[in-house]
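Beneath this line is the structure, given in structure tokens, with notes to follow.
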Amino acid sequence: MTELSRTSAFGPDLAGPIQIDGKNEARLSIAEMAETFGVTLRALRFYEEKALLRPERKGARRFYGAREIGRMKVILQAKRIGLTLVEIRDVIGLLEGKTSRMSQLRSLREMCARQDELLSEQLAQLKEQAKETAEVVAALDALIEANPQA
């Protein structure tokens, strides 16, 4: 586990804010960024393609500073709770926007509450499907046991 991932457990990454400090910031290569966050190089390129990350480029090389590291923390937590790429883009825009901190927190809370409601509905549907599937399996088992020679 890297130093960055050990120190990033202080709270929800979605609650940001994404730090943008251009002074003496450490920069990570794409390989270091992938290792730090446990993602593939392909994933980082995908997030760049979708304009969620904007690494500094020097020739063919990519370098990730504090802003991109902050964005990556947000992307991964948002992804873990099931937000879409569009919603992740909205979260990043909100965190990097000019609105007050309290307004940001309220908006984030609203987004997360909607996601919680959606996940709760999906969980209820999955439980119903699992119950129905178990009933079908039990009925099939009963038919198989009743007709062992067939």
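Since the model is a prediction, treat every value here as computed from it, not as a measurement. In this chain, numbering begins with 1 at the start of the sequence shown.
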* Kindly work out whether a path of hydrophobic side-chain contacts (I/L/V/M/F/W/Y, heavy atoms less than 4.5 Å apart) joins Ile30 to Leu28. => yes
* Asked: Looking at side-chain heavy atoms only, is the closest gap between Glu135 and Lys131 below 4.5 Å?
  -> yes
* Structure fact -> For Arg61 and Ser29 the tightest heavy-atom approach is NH2-CB, 4.2 Å
* Measure the CD1-CG distance between Ile75 and Leu52 for me, rounded to the nearest 0.5 Å. => 4.5 Å
* Can you tell if the side chain of Glu96 reaches within under 4.5 Å of the side chain of Arg67, non-hydrogen atoms only? -> yes
* **Lys73/Phe37 under side chain to side chain contact (heavy atoms under 4.5 Å, CB included): CA gap, chis, key distance, verdict** => CA-CA 8 Å; Lys73 289 178 185 179; Phe37 289 102; 3.7 Å; yes
* **Contacts of type side chain to side chain donor-acceptor pair (under 3.5 Å), residue Thr84, not counting sequence neighbours** => Glu87
Show me the side-chain donor-acceptor pairs of residues 106-118 shorter than 3.5 Å, one per line, residues at least two apart or across chains.
| unit_1 | atom_1 | unit_2 | atom_2 | d |
| --- | --- | --- | --- | --- |
| Ser107 | OG | Ser103 | O | 3.1 |
| Glu110 | OE2 | Arg114 | NH1 | 3.0 |
| Gln115 | NE2 | Ile81 | O | 2.9 |
| Gln115 | NE2 | Gly82 | O | 3.2 |

* Structure fact -> Residue pairs meeting side-chain hydrogen bond (donor to acceptor under 3.5 Å, both in side chains), one or both in residues 37-52, sequence neighbours left out, come to Glu48-Arg57, Glu48-Arg62
* **side chain to side chain contact (heavy atoms under 4.5 Å, CB included) evaluation trace for Ile69 with Met72** => CA-CA 5 Å; Ile69 291 168; Met72 192 64 188; 5.7 Å; no
* To do: Using the rule that two of Ile, Leu, Val, Met, Phe, Trp, Tyr join whenever any of their side-chain heavy atoms come within less than 4.5 Å, decide whether Leu76 and Val91 are in one cluster.
  => yes
* Asked: Side chains of Leu41 and Phe46: closer than 4.5 Å at any heavy-atom pair?
  -> no
* To do: Over all heavy atoms of both residues, which pair between Val39 and Ala43 is shortest? Give the atoms and the distance, please.
  => CB-CB, 4.1 Å
* Tyr64 backbone acceptor or donor facing Glu56 side chain under 3.5 Å -> no
* Which of these, Ile92, Leu94, Val86, sits in a side-chain contact (heavy atoms from CB on, under 4.5 Å) with Asp90? -> Val86
